[in-house]
Amino acid sequence: KACERGMSMTESATSVRVATLADAAACAAIRDHWTDAWDWMPRVHPSEDVVRHYRESLFPRCAVWVAGTPVSGFLALEEGSGFVQSLYTRPPGRGAGKALLDAAKEAAAYLQLWAFVANTGARRFYAREGFREVEWSDGDNEEGLPDVRLVWGSAP
């Protein structure tokens, strides 16, 4: 399993480590910032509910990695299914997302995730990382937004 990864300054100034429950609030803050940054993204849950959900549900059932000090991004992976529940960075475009995704790729031979159709930057990022778009929905999620399922690697 990929537990810790240091990258050279030429590759990225981002280090990745396994998250602890103490990182849940920082991860929730990154998710909240991302939600508020997009005018097309509705806020479905108040910040305190996001923190509680991360502490009580996401962290206990997923392998979670964080990038940077202080935390600048995180990835939550459902072990066994290869389902990436969350991958968020703040700010984007500084290498944290790639470093986190590389850690997940080391941990699993197959990854899948849903991305919002409107999130064109994320979809370009995943395409560069070898993901394929394989399924679309008209908004079968709590936000009610169209999304697309992407896969990487060989399905189990």
Side-chain angles (χ1 to χ4, degrees), residues 2-7 9 11-79 82-108 111-129 131 133 136-150 152:
C3 290
E4 192 166 324
R5 166 183 293 237
M7 300 199 152
M9 290 301 286
E11 190 177 352
S12 171
T14 304
S15 62
V16 173
R17 65 174 171 79
V18 172
T20 68
L21 197 53
D23 295 311
C27 294
I30 290 168
R31 171 63 160 90
D32 280 343
H33 181 268
W34 182 88
T35 297
D36 295 339
W38 299 103
D39 59 0
W40 53 262
M41 183 67 186
R43 175 167 284 284
V44 179
H45 301 285
S47 296
E48 57 274 6
D49 288 355
V50 177
V51 173
R52 184 174 28 263
H53 170 70
Y54 280 20
R55 284 189 180 133
E56 296 175 2
S57 182
L58 188 76
F59 272 61
R61 68 181 172 83
C62 291
V64 182
W65 292 274
V66 293
T69 305
V71 174
S72 61
F74 72 100
L75 183 145
L77 175 66
E78 284 183 14
E79 295 177 289
F83 189 77
V84 177
Q85 278 287 337
S86 297
L87 172 54
Y88 294 96
T89 64
R90 179 180 179 194
R94 300 242 172 109
K98 179 167 178 27
L100 290 161
L101 199 53
D102 286 348
K105 286 177 175 179
E106 281 186 25
L111 298 174
Q112 59 180 322
L113 57 88
W114 287 91
F116 295 112
V117 170
N119 195 350
T120 55
R123 292 172 62 200
R124 282 191 307 269
F125 165 74
Y126 291 122
R128 283 192 310 269
E129 292 300 314
F131 281 76
E133 295 185 353
W136 290 260
S137 91
D138 290 329
D140 187 20
N141 51 59
E142 67 182 354
E143 293 86 359
L145 297 174
D147 55 2
V148 57
R149 187 168 69 91
L150 298 101
W152 171 87

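A heavy-atom distance below 4.5 Å is found between the side chains of Lys105 and Trp152. In this structure, the side chains of Val64 and Asp23 stay at 4.5 Å or more apart for every pair of heavy atoms. Residues Glu133 and Arg149 form no side-chain contact, since every pair of their non-hydrogen atoms from C-beta on lies 4.5 Å or further apart. Put simply, the side chain of Leu77 reaches to within 4.5 Å of the side chain of Leu111, judged on heavy atoms. Side-chain contact between Val148 and Tyr126 is absent, with no heavy-atom pair separated by less than 4.5 Å. Side-chain contact between Arg55 and Leu21 is present, with heavy atoms from C-beta onward closer than 4.5 Å. A heavy-atom distance below 4.5 Å is found between the side chains of Val66 and Cys27. Using a 4.5 Å heavy-atom cutoff, the side chains of Asp138 and Pro146 are not in contact.
Closest of all the heavy-atom pairs between Trp136 and Val117 is CD1-CG2, 4.4 Å. Thr89 approaches Gly97 most closely through the heavy-atom pair CG2-N, 3.5 Å. Heavy atoms only, all atoms of each residue included: Ala19 and Phe59 are closest at CB-CE2, 3.7 Å. Ser72 and Ile30 make their closest contact through C-CD1, 3.7 Å (heavy atoms, listed as atom of the first residue, atom of the second, distance).
Judged by distance alone, with hydrogens and angles left aside, the side-chain atoms of Ser86 form no donor-acceptor pair with the main-chain N or O of Leu75 at under 3.5 Å. Looking only at distances, no side-chain donor or acceptor of Asp36 sits under 3.5 Å from a matching main-chain atom of His33. Judged by distance alone, with hydrogens and angles left aside, the side-chain atoms of Lys98 form no donor-acceptor pair with the main-chain N or O of Phe125 at under 3.5 Å. Counting only distance, with no hydrogens or angles, the side chain of Asn141 and the backbone of Leu145 share a donor-acceptor pair below 3.5 Å. Not one N or O on the side chain of Arg61 forms a donor-acceptor pair closer than 3.5 Å with the backbone of Glu78.
The aromatic rings of Trp40 and Trp34 sit perpendicular, their planes meeting at an angle over 60°, well past the 30° parallel limit.
Tyr54 has its ring centre less than 6.0 Å from the ring centre of Phe74.
Under the side chain to side chain contact (heavy atoms under 4.5 Å, CB included) rule, His45 has a single partner from Thr35, Val50, Asp32, which is Val50.
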